[in-house]
Every structure is written in structure tokens, then in C-alpha cells.
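To keep things clear, I will list the structure first and then write my remarks on it.
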Protein chains: 2
Amino acid sequence: MISPDLIIDKCDFLCVHEDAVQEVLSSMPADEKLYDLAELFKVFGDSTRIKILYALFERELCVCDISNLLGLSQTAVSHQLRILKANKLVKSRRSGKIVFYALDDDHVYKIIDCGMEHINE
Amino acid sequence: MISPDLIIDKCDFLCVHEDAVQEVLSSMPADEKLYDLAELFKVFGDSTRIKILYALFERELCVCDISNLLGLSQTAVSHQLRILKANKLVKSRRSGKIVFYALDDDHVYKIIDCGMEHINE
DNA sequence: TTATCATATGAATAGATGTTCATATGTTCA
DNA sequence: TGAACATATGAACATCTATTCATATGATAA
């Protein structure tokens, strides 16, 4: 993946030791995985979406509720819910005119909790 | 925080029930916390930074090593390390010309693991 | 059917962000 | 001291993204 030519005539700490290079590289997930992981965290990296997820911690809510609770426009909420749903973090069910959203994954709690722990240090 | 005027003449599910509104709002951390949390996840929301963190899972590395291992420019890596350090996810120590970076927080593992679990479903 | 309400969607815009380029800082060695 | 190396930093640029506005879809009730 990394040609030896690339890592010559540079700093000589790890670069010239092929086994050390392999040790690090072999433990890395595939590029695609890492990209997907970053994409997932990107979803959590917006305060509007974080607020929506927190609101849904308590109970399922319709779009209108979320808008009113958080003081956001209906359109903005709808756009963000679309992103959350695409990433399987929330699910929806329709009840007449109203669409209810709820958390779709236990990992949401865990991920946010881990982040909070770091924040609260 | 949310005036009653705002939540009148809208959908009448949760909005008109003040106690339900309070139930959701009272469980929400302060806005500032939620903003900080989003900022933290934003740091994880970039594949370059994710790759750097993964590389540091194995061992401490200097900037040059990271550049070579990941096939990134020295400048790009340096900029990203700055962000990671500002968020207390990595720490650095200087040894002569070389600056070594290492993970600074056990939460990094946990957060990334949680994300990976979600990805691998 | 028609009016109204709840939600979704597309386009446009403004703001944020990652990389590159050029260059500065800091360290070692001759 | 000066040259070479490792890293850091600032500015510029291109890309991405969240919100808004306008409008469409879907459902209910009169």
C-alpha cells in the first residue's frame, strides 16, 4: 500500500523499519471503514442533531414537537431528521398526518455518553 | 425558556401539555454542553483525524511517521494534530527535532469502538 | 372535492472546514 | 555560526454543510 520509495530520505525513526510500519498498518481497519466511521461521527458533530437526539432520549416526538421544544424551524428539523434516519440513528412511524420519530439504536446512548464523559473532565 | 405563545396553535400532541414539555426539557443538558459535545464529535468526523488516531492506537508516532504511514502531507497532519491536541485527544512530547504524539485519553478508544459497533451492524 | 394541517424536498445562500503553498520556528550537527 | 531537518503556522482556495425560502406531498375533516 505504501511504497518503500515514499518513506526513504525522511525522518528515520519508524520509517525505515518495515516491520514497525506493518505493525501499525496491519492494525488499521480498511480505508472504507474509517471513512464510514468519520461519516457517522459527522452526524453527531452538529448541535442541532445532538439536541434532537437528546429530546428523543425521553420519548418519541413528532416533527412539530421537536421544532417547538428546541425553537427550530420545521424545515430545519425535517432536514436533520432525514440525515439521522439515513444513518439509522432514528426511526419514524406515521400516525395520520403526524410522523413520530424515535431513537433507532442503543449505540446512540453509548456514543453520546462516551462523548459526555470526555467533556466533563 | 420556551414561551407558551410559541407552542400554541401548532400540532396538539405534546405542545399543549406543559408537564410533558418540562419532562423533556428538564432532562436536556445545558445548551453549552450540547454545543461542546457536538464540537467534540466534529473532531472525530474527519477521516484524516480518524486515521491518525487509529495509527496512534499502536504506539506513539512522530509527525513524519504519521505523514508517511498515511500518505498525507506533513502540513495537513500538523494542522490536524493541532486540532486533536486542542481537544485533548492527543498529547505531544519533544525529543530533539522530533515531536512525538500519543493518545491522551482512554475515551478515544471507547468513543471509536462505540462508533465501530454501529457501523458493523 | 376542497381547505387545512403536518411533513418533506429542492434550490439558493452563507458560513465552516480541510488542504495546499509559502514561510516561520526550533533543534541538531558540522 | 550556518546548513539541514522536523514541525508549526498563516493565508488562500475549494469543498462541504446547515439553514432558509418556496413549494410539493400526504392525510384529515368538512
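Here is the naming used below: chain letters follow the sequence lines, and residue numbers restart at 1 for every chain. Any value given below was found using the heavy atoms of this structure, including those in side chains, with hydrogens, waters and symmetry copies removed.
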Rounded to whole angstroms, how far apart are [atom1] on [X] and [atom2] on [N]?
X	N	atom1	atom2	result
B:Ile50	C:dG18	CD1	P	12 Å
A:Asp65	C:dC5	CG	P	17 Å
B:Leu70	C:dG18	CG	P	16 Å
A:Asn68	C:dA6	CG	P	10 Å
A:Phe41	C:dT17	CZ	P	18 Å
B:Arg93	D:dT7	CZ	C1'	15 Å

Difference in axis direction between the ends of the helix from C:dT1-D:dA30 to C:dA30-D:dT1, five pairs, 10°: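 End axes: 20° apart.
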
Interface with DNA chain C, restricted to residues 54-63 of chain A and to heavy atoms under 4.0 Å: A:Cys62, A:Val63

Set of side chain to side chain donor-acceptor pair (under 3.5 Å) partners for [X], sequence neighbours left out:
X	value
A:Ser27	B:Glu58
B:Lys97	none
A:Lys88	none
B:Gln74	none

Salt bridge (Lys or Arg N to Asp or Glu O under 4.0 Å) contacts touching residues 103-112 of chain A (sequence neighbours left out):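 Checked against salt bridge (Lys or Arg N to Asp or Glu O under 4.0 Å) - neighbours excluded - the pairs reaching residues 103-112 of chain A are A:Lys110-B:Glu117.
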
Results of salt bridge (Lys or Arg N to Asp or Glu O under 4.0 Å) for B:Glu39 - residues two or more places apart only: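 Here the qualifying residues are B:Lys42.
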
Residues which pass salt bridge (Lys or Arg N to Asp or Glu O under 4.0 Å) with A:Arg59, listed by chain and number, not counting sequence neighbours: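 If we apply the salt bridge (Lys or Arg N to Asp or Glu O under 4.0 Å) test to A:Arg59, skipping adjacent residues, the hits are B:Glu23.
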
Touch class at under 4.0 angstrom, heavy-atom based, for B:Tyr101 against every strand present: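 Touches sugar-phosphate only.
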
N/O donor-acceptor pair under 3.5 Å between B:Ser73 side chain and B:Ala76 backbone: yes

Heavy-atom closest pair, residues A:Leu34 and B:Ser47: O-CB, 4.4 Å

Residue pairs involving residues 57-79 of chain B (criterion ring pair (Phe, Tyr, Trp, His ring centres under 6.0 Å); sequence neighbours excluded): B:Tyr54-B:Phe57, B:Phe57-B:Tyr109

Sequence-aligned protein contact record of nucleotides 17-30 of chain D, with B where the base is within under 4.0 Å of a protein heavy atom and S where only the sugar-phosphate is: SSBBBB---BSS--

Sequence-distant partners of A:Tyr101, ring-ring contact (aromatic ring centres under 6.0 Å, His included), two or more places apart: none

